[in-house]
Undergrad: 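The following block contains the structure, expressed as structure tokens.
First the proteins, then the strands, lettered A, B, ... as listed; each starts at 1.
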Number of protein chains: 2
Amino acid sequence: MTASRSKSAARTAPADGVEAGLPLPGSVVTINDIARLAGVSKKTVSRVINASPLVRPDTRDRVTALMRQVGYVPDPQARGLAFRRSFLIGMVYDNPNAQYIVHVQNGALDTLRDSGFELVVHPCDSRSGEFIEGVRQFVQRQKLHGVILLPPVSENPDLAEALRALGVRYVRVASVPLDDAPHMVVSNDREAAGEVAQYLDSLGHRNVALIAGPSTYRSAHERGGGFTEALEKRGIVLPPTHVAEGGYTFESGVACAERLLALRPRPTAIFACNDEMAAGAYKAAYRLGLKVPEDVSIVGFDDSPLASRLWPPLTTVRLPIRDMGRQAAAQLMATAPAPAGTLTPYLAVRDSCQPPAR
Amino acid sequence: MTASRSKSAARTAPADGVEAGLPLPGSVVTINDIARLAGVSKKTVSRVINASPLVRPDTRDRVTALMRQVGYVPDPQARGLAFRRSFLIGMVYDNPNAQYIVHVQNGALDTLRDSGFELVVHPCDSRSGEFIEGVRQFVQRQKLHGVILLPPVSENPDLAEALRALGVRYVRVASVPLDDAPHMVVSNDREAAGEVAQYLDSLGHRNVALIAGPSTYRSAHERGGGFTEALEKRGIVLPPTHVAEGGYTFESGVACAERLLALRPRPTAIFACNDEMAAGAYKAAYRLGLKVPEDVSIVGFDDSPLASRLWPPLTTVRLPIRDMGRQAAAQLMATAPAPAGTLTPYLAVRDSCQPPAR
DNA sequence: CTGAAAGCGCTTACAG
DNA sequence: CTGAAAGCGCTTACAG
């Protein structure tokens with residue numbers, strides 16, 4: 001036993017006589033090397049790694065300096081095994097919007113950078129019955145440190161319940177508070193949609209129409225509701241005939257806009273609850289020989305890259321998506337309860353609106 | 001010692017008297033539980049897990065059935081520690097195109113599904129001098145099983161060299177073979193660009209122009225070169241005046257198209273080497289009061305979602321991006337050398353081209 | 001403030 | 001074909 005132990009020590013020691021016995025660059029340094037080099041026990045090194053206060057300051061400094069010098073970083077796998085959890089954050093989503101996904105990913109990675117944590121992506125199909133079981137296995141198998149849920153799966157109460165039961169940290173990104181503050185990052189879509197109403201009113205539009213989102217999305221309620229309410233507050237009514245429910249897709253935007261633009265008198269402005277549908281409204285208008293914004297003003301929501309690439313550039317609501325990703329990861333990493341994140345989108349005015357004709 | 005061992009055994013045993021001593025659902029089952037329940041050593045269970053042939057068939061079947069029955073899945077962290085590598089695949093990219101990223105991610109996950117491997121995303125900034133060191137640390141610290149590199153970082157020879165030196169598996173996704181076959185997934189952009197030339201020729205265009213990509217991208221060479229060559233083969237010359245180098249961005253597309261559309265006689269068709277720039281060409285044309293395709297035909301490349309949302313819908317080259325992600329992951333997982341992947345894009349004809357006027 | 005022992009859940013030699 | 005011992009690189013009790 002003693003023999004095998006010293007053999008092991010020899011293996012992790014430098015291959016040749018480097019002064020002070022420093023490991024060669026490239027060779028993998030372990031906690032044992034640091035302990036031996038620093039002349040302390042590995043437990044003390046462990047305390048330094050985990051920022052325990054139970055280390056004498058000069059011991060801590062010596063060990064820290066040594067770790068930096070040899071470029072030692074503790075093995076997350078070994079640490080994870082001992083801790084019974086990993087240093088991985090999961091991102092769970094069922095969302096067709098690539099731009100949204102990538103922005104949140106980048107935001108989360110902004111706060112994860114240099115933390116030793118990594119981001120593991122997990123798209124899923126929330127229409128499949130076993131998707132919650134799939135997420136559960138993912139979380140449990142990988143012993144995730146936490147999970148970020150994106151809409152619309154973030155709105156699923158059963159999923160949140162399952163995660164709570166597992167005892168894993170999670171943050172839900174949504175347009176409305178569905179959970180207690182530490183578990184939420186919310187974007188105030190309702191308020192932003194109100195700004196759209198105010199803007200159209202200020203331009204003089206009275207006969208406006210709405211392309212709503214699918215009622216299965218909370219954001220659709222917030223956006224459509226916020227718009228309608230703000231309109232009413234200003235004395236503008238939105239009759240049911242002037243509301244069409246789309247599916248957040250380009251094609252549904254085309255169909256809804258065709259219906260709305262056939263109304264007489266024709267609405268002078270349309271608010272589409274996302275940019276995809278607004279692009280569809282452009283298409284419908286063009287096909288009818290109508291010009292934007294001369295014949296009809298159009299506003300979108302999301303400020304996707306599409307918005308600025310359309311002609312004319314689309315006035316839309318900018319969602320601070322990357323910030324939401326940052327905030328979500330921050331709440332997951334927080335030791336103390338983090339301040340909950342509510343982020344308010346704002347109107348990006350471009351060229352798709354003008355006062356109504358005459 | 002013996003005492004503590006039996007204490008440990010007691011801890012992992014069922015909390016109450018379930019028949020046959022099966023662990024409770026939800027309690028975490030380990031290899032020791034399976035071994036005890038199956039009446040074999042943990043080493044034998046390990047052999048079954050790792051599909052070793054050195055297990056008697058009936059033993060294997062018994063252990064397999066038991067594992068399934070109690071829902072046992074080996075802990076990737078513990079396995080990783082012993083194996084000295086993890087069950088994680090890294091995806092490294094420095095690419096502004098969200099659609100591209102998400103498609104490749106989804107493709108890779110298609111092949112990773114149910115494999116026990118997970119995908120860890122690692123965007124980076126290839127203009128920063130230390131980005132290779134950053135990737136090296138990422139790979140080494142996480143003991144990645146393999147890495148997928150996306151263009152343009154996939155084209156970086158120093159990065160590939162560093163990965164080779166680390167001894168980690170990697171696959172480079174690019175538009176041209178830059179490495180030996182097992183390390184490459186290539187899309188035949190050159191051939192596809194040739195199809196564009198053929199298509200425009202077949203419509204009768206002789207005075208065509210090219211908005212090329214940035215010369216720092218290999219794909220730009222392939223697309224621009226493939227187009228020019230195919231044109232020449234058909235007796236159509238592309239004078240330097242009719243080539244503008246863009247940066248694969250919307251804005252650069254606007255600027256390039258403005259320059260090209262100012263030529264006299266005005267080109268009757270423009271091939272933009274990606275959809276972003278093609279969208280820019282639309283904008284330039286509209287600003288000049290030109291109609292697409294009546295006054296000028298436009299072709300893009302990528303078939304991004306943008307393409308079908310523009311008005312009129314853009315004729316473009318469809319890149320099989322998700323397939324490329326699938327293929328890349330497959331090559332990483334392959335035990336035997338996998339057949340190298342070359343995937344050829346094809347022309348998606350929509351409404352942005354017609355024969356030139358008169 | 002510091003350390004020796006045992007353990008996290010698995011695999012690699014080494015024996016049989 | 002099967003198993004007991006030692007080890008992967010770290011941490012958790014437990015002592016001092």
Undergrad: Between Glu130(A) and Gln137(A), do the side chains contain an N or O donor and an N or O acceptor separated by less than 3.5 Å?
TA: no

Undergrad: If you check every side-chain atom of Thr30(B), which of dC10(C), dC8(C), dT2(C) has the closest atom?
TA: dC10(C)

Undergrad: Take the protein atom CZ of Arg84(B) and the nucleotide atom P of dC10(C), then report the distance between them rounded to whole Å.
TA: 16 Å

Undergrad: If each of Pro74(A) and Gly39(B) is mapped to the nucleotide of DNA chain D with the nearest heavy atom, which maps nearer the 5' terminus, i.e. the 5' end?
TA: Gly39(B)

Undergrad: How close or far is atom P of dC8(C) from atom CZ of Phe87(A), stated in whole angstroms?
TA: 18 Å

Undergrad: Using a strict 4.0 Å threshold on nitrogen-to-oxygen distance, state whether Asp75(B) and Lys143(A) make a salt bridge.
TA: yes

Undergrad: Has the side chain of Arg85(A) got a donor or acceptor atom that lies under 3.5 Å from a matching backbone atom of Gly80(A)?
TA: no

Undergrad: Could you check which of dG9(C), dC1(C), dC8(C) has an atom nearest any side-chain atom of Leu54(A)?
TA: dC1(C)

Undergrad: Would you confirm whether the ring centroid of His145(B) sits within less than 6.0 angstrom of the ring centroid of Phe87(B)?
TA: no

Undergrad: Quickly work out the Asn32(A) CG to dG7(D) P distance and round it to whole Å.
TA: 11 Å

Undergrad: Could you give the CZ-to-P distance, from Arg141(B) to dC10(D), as a whole number of Å?
TA: 12 Å

Undergrad: Ignoring hydrogens and angles, state whether a donor on the side chain of Arg172(A) or Asn156(A) is under 3.5 Å from an acceptor on the partner side chain.
TA: no

Undergrad: Grab the stems for DNA chain C, please: at least three consecutive Watson-Crick or wobble pairs, both distances below 3.5 Å, written as range with range.
TA: C:1-3 with D:14-16, C:5-12 with D:5-12, C:14-16 with D:1-3

Undergrad: Would you say Arg79(A) places a side-chain N or O within less than 4.0 Å of OP1 or OP2 belonging to dG9(D)?
TA: no

Undergrad: Nearest of dG9(C), dA4(C), dT11(C) to any side-chain atom of Leu81(A)?
TA: dG9(C)

Undergrad: Do Asp180(B) and His183(B) have a side chain donor and acceptor closer than 3.5 Å?
TA: yes

Undergrad: What integer distance in Å separates Gln140(B):CD from dG9(D):P?
TA: 13 Å

Undergrad: Find the distance Arg47(B):CZ to dT2(D):C1' and express it as a whole number of Å.
TA: 6 Å

Undergrad: Measure from the side chain of Ile31(B), starting at C-beta and using heavy atoms only, and say which of dT11(C), dC1(C), dG3(C) lies closest.
TA: dT11(C)

Undergrad: Let me confirm one number: the CG-CG distance from Asp33(B) to Leu66(B), rounded to the nearest 0.5 Å.
TA: 9.5 Å

Undergrad: Can you tell me which nucleotide in dA13(D), dC1(C), dC10(D) comes closest to the side chain of Ala78(A)?
TA: dC10(D)

Undergrad: Select one nucleotide: of dG9(C), dG9(D), dA4(C), the one nearest the side-chain heavy atoms of Asp75(B).
TA: dG9(C)

Undergrad: Less than 6.0 angstrom from the centroid, inside 45 degrees of the normal: does Arg79(A) satisfy that with respect to the ring of Phe83(A)?
TA: no

Undergrad: Side chain of Ala82(A), heavy atoms from C-beta onward: which of dC14(D), dC8(C), dC10(C) has the nearest atom to it?
TA: dC8(C)

Undergrad: So which one's nearest nucleotide on DNA chain C is more toward 5', Ser46(B) or Thr44(A)?
TA: Thr44(A)

Undergrad: If I take atom CG in residue Asp61(B) and atom C1' in nucleotide dC1(D), what distance separates them, rounded to the nearest angstrom?
TA: 15 Å

Undergrad: So if I take every side-chain heavy atom of Lys42(A) and compare against dT2(C), dT11(D), dT11(C), which nucleotide ends up nearest?
TA: dT11(D)

Undergrad: Just the rounded figure in Å: distance from C1' of dC10(C) to CD1 of Ile34(B).
TA: 13 Å

Undergrad: Which one, dC8(D), dA4(D), dG3(C), comes nearest to the side chain of Ser41(B)?
TA: dA4(D)

